[in-house]
Amino acid sequence: MEIDPLSPAHKQGISSSCLLPFSLSLSPSLSLVASDIHTETVQAALAKHKEEKMALPMPTKRRSTYVQSPVINCTPPDSSSGSENEGALLRQSSVGADLEALDTPSLLQPPSLQSPDSWINHSVQGSSTSSSASSTLSHGEVEKCSGEIRQARVVCEIKTLCIGAGRVCVTVFVGLPTPHPPGVPINSRVSTKIQQLLNTLKRPKRPPLSEFFMDDQEEIVEVPQPDPNTPRPEGRQIIPVKGEPLGVVSNWPPALQAALVRWGATQGKSPALTALDITGKPLYTLTYGKLWSRSVKLAYTLLNKLGPKNEQVLKPGDRVALVYPNSDPGMFLVAFYGCLLAEVIPVPIEVPLSHKDAGSSQVGFLLGSCSVSLALTSEICLKGLPKMPTGEILQFKGWPRLKWVVTDSKYLTKPGKDWQPHIPTANTDPAYIEYKASKEGTVMGVAVSKVAMLTHCQALTQACNYCEGETLVNVLDFKKDMGLWHGVLTSVMNRIHTISVPYAVMKACPLSWVQRVHIHKARVALVKCRDLHWAMMAHREQRDTSLASLHMLIVADGANPWSVSSCDAFLNVFQIHGLKPEVICPCATSPEAMTVAIRRPGVPGTPIPARAILSMGGLSHGVIRVNAEDKNSALTVQDVGHVMPGALMCIVKPEGPPQLCKTDEIGEIVVNSRAGGNMYYGLPGVTKNTFEVIPVNTLGAPIGEIPFVRSGLLGFVGPGSLIFVVGKNEGLLMVSGRRHNADDLVATALAVEPVKTVYRGRIAVFSVTVFYDERIVIVAEQRPDASEEDSFQWMSRVLQAIDSIHQVGLYCLALVPANTLPKTHLGGIHIFETKQNFLDGNLHPCNILMCPHTCVTNLPKPRQKQPVGVGPASIMVGNLVAGKRIAQAAGRDLGMIEDQDLVRKHQFLSEALQWRAQTDPDHCLYVLLNAKGLVVSTATCVQLHKRAEKIAAVLIEKGSINTGNNVVLLYPPGIDLIASFYGCLYAGCVPVTVRPPHPQNLAATLPTVRMIIDVSKAACILTTQNLMRTLRSKEAAATVNIKTWPTIIDTDDLPRRRPPMIYKPPTAEMIAYLDFSVSTTGMLTGVKISHAAVSALCRSIKLQCELYSSRQIAICLDPYCGLGFVLWCLASVYSGHQSILIPPLELESCLPLWLSTLSQYRIRDTFCSYSVMELCTKGIGTQTEILKARGLNLSCVRSCVVIAEERPRLALTMSFSKLFKDLGLSPRAVSTAFGSRVNLAICMQGTTGPDPSTVYVDMKSLRHDRVRLVERGAPQSLPLMESGKILPGVRVIIVNPETRGPLGDSHLGEIWINSPHSASGYYAIYGEESLQADHFNTKLSFGDPTTLWARTGYLGFVKRTELLDAAGDRHDALFVVGSLDETLELRGLRYHPIDIETSVSRAHRSIAESAVFTWTNLLVVVAELSGSEQDALDLVPLVTNVVLEEHHLIVGVVVIVDPGVIPINSRGEKQRMHLRDSFLADQLDPIYVAYNM
């Protein structure tokens, strides 16, 4: 549908899909009123909505995203967040700088207002992502008792901003969740919009959901229950309707070619066709004599002159493509009749304009199914076809190889006098093939037999009362449908003079066809509604035209719902120009049944035929009801006349068996006639269902033996056997069991003041299947000068109008820039390609509005949590729970150390170092490499011992340290950090390792350092000279109060002193060091690690990995917390192996550094983080050939362990293994480790034992806190890899977090640990012990009441496998599913963010990374866009679809950001809470934010 909405006629004419029920017949004086009624209806519906005052939140858009809109119409960026200058500073800093900035809180308020107490004040109770946190890991209530703040552990919510191409991370510490979000300005743009969104979502959904829920294995999708008030058909069964008999006329030719022979011989000078030039003036006239002679020449050439040595290339019955432009009807006419005379079958198609034409490959499918190998075209057209550099015609996508033949007269051979074409009597052989595009976009060929072609011409002649020699003006495409049937076939049969008005002329001069009728006194005009509109638009320019000669104005798309208003408005304007009301003849056609019905030209003075005013509600249920109540939802349709002569018609149900409808039921029109299509050429399967339909009665018995053809038209038979059409099968949208017509929806959208917004009325409507139902999508082209506000206003109003009038919710409404939707050959919108672009993310909208909350009403009912109690099902018998083995597993025994000397050596790490310095002084423990792979420094046992002594001496002298004081170690990754750690142990202090601030990014990174120093009450800071200068710099002073630093000691140049004595702790239970880390939910947690735990952990790792003095390992990890710190600083001193240290930051400047080190040193065991593995996979995964040529070989690597505190990232480890397999990496080498805050190392693969096993779990059951194992490849299956073997000395049990009772094998629960190396507790400033008891010393509610367990806060399960461990027993595998803190509780179900993110990242090739979080029960998805910004809005529907399909969740907000914005910490974990806070504080600078309605 294409109209110029600027015209006043637009309002009159466009679309009265809904008209007032005032009378069944309209006199001309009333017609103008009727045509404006749809607009009135829409305005009335919108007025009703206005009273409700629902403000929809407008999307947030970055200026550069949508170039078309004028700058003044864009929302200026909100500078209140202060993020702009900050961003400018950050973008200049290097990526390397920024990795250091991870996990670093900073302050929203000026530093002077912040004291340590105010941080402690704002202890956060838990991640606001999840309400489950409170039930499982209640982080303690914060109470105020007489001014004293009591706190269990330091928990600080962190906020991270990431900007630029690398991940620049800025972390900001924010306070306790108060009534408005933490650290968010109350007037924040984002939070206001979310509030608006929440307000709109409070509206009740329609239809109301029936109340039922079954908690079984599957989630039940809500099935709308049948509404008892649904209208049902009540009439009797329809009786087939007969057309008048086809008259027998004595001089009708035996075949259509015979008519041409006759006129060519007897009326040679009679004009057959006049073609117009681009200005609308006659270009040439083809006489019947010329048409005959040229057609004969072409027939002769085709049969005799195409092959070498005049061999026959074409045989009668072969198919030939006709490729002619719309501006050249004469050449087409000659080619068509030339083919008929040669008895080859013409297949007219459109001229291909480019390799990427909309639907081009589908035309190729048509040519293939018809076995076409030859194409006829004109010389001019051939020159215009796209060529290859060699000059050959381009091979079009999906097309068979074609031979091109030019049919201009000069290339044709005149036959000898004795040659005459053979003209047999019309039979059932195919005469021509007409192409037809299906709803799915497939192009098929409808074959029309010679007898059907002839009979159709006879039927049209009789119905339209054609006379010999009259004139016909044809505006339609002459290659198919009405344009072909009237303007090429029936016209020749009746010696009619056809004036062909091409589409290009109509665009330049819309009134040209009216002028042609006037000039040639034409009796018949063949037009579409579009041509009526264009003529009305331009009619003021022409005063003296007369349409009095018209006997018939055939409206080819008169079956459309808006045709009634077009016809009325046209009549209203042109009645004064002599147009008679009775000459307007709408008709109904389809490629299969050809002309189904046409209104016969009336006798002057007869009343206009009746109209039907139908209820939209009734129509949506397929029932005819006259609308008398709600004028806002009525559809007025005009009849399309009577059945064609000689035809029989009935109405059958469109779905299922072709059962006859009742008289008041809408169904598909089926026709039996000799004048219809015979088959889809070359597609016998599809043919049977369309061309050989035998209707059945209510009992299912056939009503006869004659076959009917499905027309694809939906309608009914009205009074007086008049046919009414209400839509087409291909425009039918079935939503929740109700039918809606795409054309009706277009009509409503057009009636919503599109003048400011929609470009030339170009609107496409289609449905997509999402989550078990069809969802309606509307795409419109936006005018170049439309403002953002106008467009958004129009979109909101369309939503409301369609909601009111059609009672159906829209799923998506998109506006694309003008002229960007794929076009059909005549400039209409190619619906199928548009739909495909929408689904593939290639639509590139400039505005989009998704409304899933309104229209998705079939979600399963939210799960109700069952009351928690230990019921009979949980009764435990021996080691069985509810008939299953208890889910527990253990590593092997740590064993006793017999030798007392070894006991002394291993009890304290400080003593182990002294012992090594005495017994093996020159053994090298550490080697540090730089980015070039060169050794920067090394440390032997004695060097490390002596350096530690010097540091201890300095600490005691300068730092005036007391035993047990905390000392912060602020060093870059290296050997200084290790020496300082042992220096602290020698001096009797407790070391606290802290990541140093980045000098170029102090504002972001320094506050974290300050916070840990204050929280740990550090007495002193050990650091380097460079960092000491940084801490005291002016830049630092701008961020924190530098006057209150504790004593800072630089350890670069130490005097040669020894401490008076080396401290030995009185008991092994004393604290060895503090480990501070930021969790992914933004919690900063410090845990206490005792000397006993250190030696037990080191011994456990030594046994698992078989570490001893002669071994070498490579470590590419951050050395500041968790297992990374243990491997970097502790393990070598304990086990005596040599550690090659590679700071992960060095990989930024030299990606292959880690792998080349493994190859160069022939390393057997290496440890890395996910971020290191990802850097290698993305950065050098494609360069394996180059690396191989350089001699890189990884066949030496026996184990490569990824250190993490999360579910194993199977996709990443597998792609790493596959990519580097070519370099000799064993597929068995890569494995993962798992640790948590309460226990830094729980699992690690080690060197012996079975390979890690992988299982597939049903994701739906995980949401219900259950584990259901499925086969690989099962739908909704999630692969989970074992997190490594459980370490020696560790016992694991799976516990129900609510009841605290043990669970059975393969049941999901919280992982509890019993191990000698668990942490002693959270580092608490005040002595609040409840949390310690809950997390570190907790007991099972039944079963084994004595063992003390530590709660990891992670969900997982234990599964006994068929594999055997070293001792020969069956191996128990531990599978980690995810952190309880991180889970999202939505609709009563538990979701793991990583699962939703995996789906989102798969949705479109441009999504580089994604993160999800919740805000006030809305799911927010943040996606990083790696493509161009014009792809940004394509992601919104795709993200919404995939989350709905795979997770049964409706996304509330979709945020599209630049690459690198999602903060990721040093372990490669996403910091989702930081991201959430940045979003709410409006600091993300998003490309686009879509608020889903």
Side-chain angles (χ1 to χ4, degrees), residues 9 13 28 270-286 326 329 460 464-478 482-483 485-488 490-491 494-558 563 566-587 598-602 604:
S270 180
L273 175 93
T274 298
L276 304 184
D277 66 12
I278 191 75
T279 62
K281 296 195 173 66
L283 185 64
Y284 62 81
T285 295
L286 186 71
N326 277 50
L460 285 176
C464 302
N465 198 8
Y466 278 128
C467 306
E468 190 184 318
E470 63 187 6
T471 305
L472 175 150
V473 172
N474 175 26
V475 191
L476 306 181
D477 180 3
F478 49 75
M482 299 284 281
W485 307 333
H486 288 259
V488 173
T490 311
S491 60
N494 292 292
R495 194 175 61 81
I496 288 172
H497 176 198
T498 302
I499 319 278
S500 187
V501 184
Y503 178 67
V505 172
M506 285 296 295
K507 283 176 92 170
C509 171
L511 210 59
S512 52
W513 72 268
V514 177
Q515 292 162 351
R516 289 291 125 203
V517 170
H518 167 72
I519 293 164
H520 295 274
K521 304 271 184 293
R523 285 193 74 220
V524 183
L526 201 53
V527 297
K528 282 189 166 181
C529 293
R530 172 196 72 203
D531 310 318
L532 301 181
H533 280 296
W534 287 5
M536 283 189 299
M537 268 159 32
H539 88 283
R540 287 187 191 77
E541 302 158 17
Q542 200 78 20
R543 302 239 179 271
D544 54 351
T545 45
S546 165
L547 297 181
S549 63
L550 276 181
H551 153 77
M552 199 171 186
L553 176 61
I554 301 174
V555 185
D557 53 354
S563 65
S566 305
C567 296
D568 288 349
F570 184 77
L571 177 64
N572 187 62
V573 171
F574 282 94
Q575 210 160 357
I576 54 169
H577 295 278
L579 179 69
K580 299 182 281 293
E582 65 274 4
V583 306
I584 294 179
C585 299
C587 63
I598 187 164
R599 193 187 289 172
R600 313 301 194 255

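All residue numbers in this chain count up from 1 along the given sequence.
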Open item on the list: Let me confirm one number: the NZ-CE distance from K528 to M506, rounded to the nearest 0.5 Å.
Closed with: 11.5 Å
TODO: Grab the two heavy atoms, one from V573 and one from I576, that are nearest each other, plus how far apart they are.
DONE: O-CG1, 3.5 Å
- [ ] Determine the minimum heavy-atom distance between A508 and I278, stating which atoms define it.
- [x] CB-O, 4.1 Å
- [ ] Return the minimal non-hydrogen interatomic distance between T285 and P271, and the atom names on each side.
- [x] CG2-CB, 3.7 Å
- [ ] Using modelled atom types only, decide if a donor and an acceptor are shared between the side chain of R600 and the backbone of I598 within a distance under 3.5 Å.
- [x] yes
TODO: Over all heavy atoms of both residues, which pair between V505 and D277 is shortest? Give the atoms and the distance, please.
DONE: CG2-O, 3.0 Å
Task: Side chains of T279 and C509 in contact at under 4.5 Å (non-hydrogen atoms) - done: no
Task: side-chain contact (heavy atoms from CB on, under 4.5 Å) evaluation trace for K507 with W534 - done: CA-CA 9 Å; K507 283 176 92 170; W534 287 5; 3.9 Å; yes
Open item on the list: Rounded at 0.5 Å granularity, tell me how far CE in M552 sits from CD1 in I584.
Closed with: 12.0 Å
- [ ] Report the distance from atom CZ of F478 to atom OG of S491, rounding to the nearest 0.5 Å.
- [x] 12.0 Å
Task: Any donor-acceptor N/O pair, S546 side chain to A548 backbone, under 3.5 Å - done: yes
Task: Shortest non-hydrogen contact from L511 toward A535 - done: CD1-O, 3.3 Å
Task: R516 side chain to G280 backbone, donor-acceptor under 3.5 Å - done: yes
- [ ] Measure across A522 and S549 and return the closest heavy-atom pair with its distance rounded to 0.1 Å.
- [x] O-OG, 2.8 Å
Open item on the list: Test side-chain contact (heavy atoms from CB on, under 4.5 Å) on H486 and Y466; report intermediate values, then the result.
Closed with: CA-CA 10 Å; H486 288 259; Y466 278 128; 2.6 Å; yes
Task: Residue from N474, L286, V524, T471 passing side-chain contact (heavy atoms from CB on, under 4.5 Å) with T498 - done: N474
- [ ] Taking the side chain as every heavy atom from C-beta outward, state whether V555 and F570 have any pair of such atoms under 4.5 Å apart.
- [x] no
Task: For M482, the option from D557, V527, I554 that meets side-chain contact (heavy atoms from CB on, under 4.5 Å) - done: I554
Task: Rounded distance (nearest 0.5 Å) linking atom CG of L476 with atom OH of Y503 - done: 13.0 Å
TODO: I would like to know whether L553 and L532 meet side-chain contact (heavy atoms from CB on, under 4.5 Å); could you show each step before the answer?
DONE: CA-CA 10 Å; L553 176 61; L532 301 181; 4.2 Å; yes
TODO: Please work out whether the ring planes of H520 and H497 are parallel, tilted or perpendicular, with thresholds of 30° and 60°.
DONE: perpendicular
- [ ] Answer yes or no: is there a side-chain heavy-atom contact under 4.5 Å between H551 and C467?
- [x] no
Task: Nearest-0.5 Å distance that lies between atom CZ in R599 and atom CD in E582 - done: 11.0 Å
Task: Candidate pair L550 and F574, rule side-chain contact (heavy atoms from CB on, under 4.5 Å), full reasoning - done: CA-CA 12 Å; L550 276 181; F574 282 94; over 6 Å; no
Task: Reported CZ-to-NE2 distance for the pair R530 and H533, which is rounded to 0.5 angstrom - done: 10.5 Å
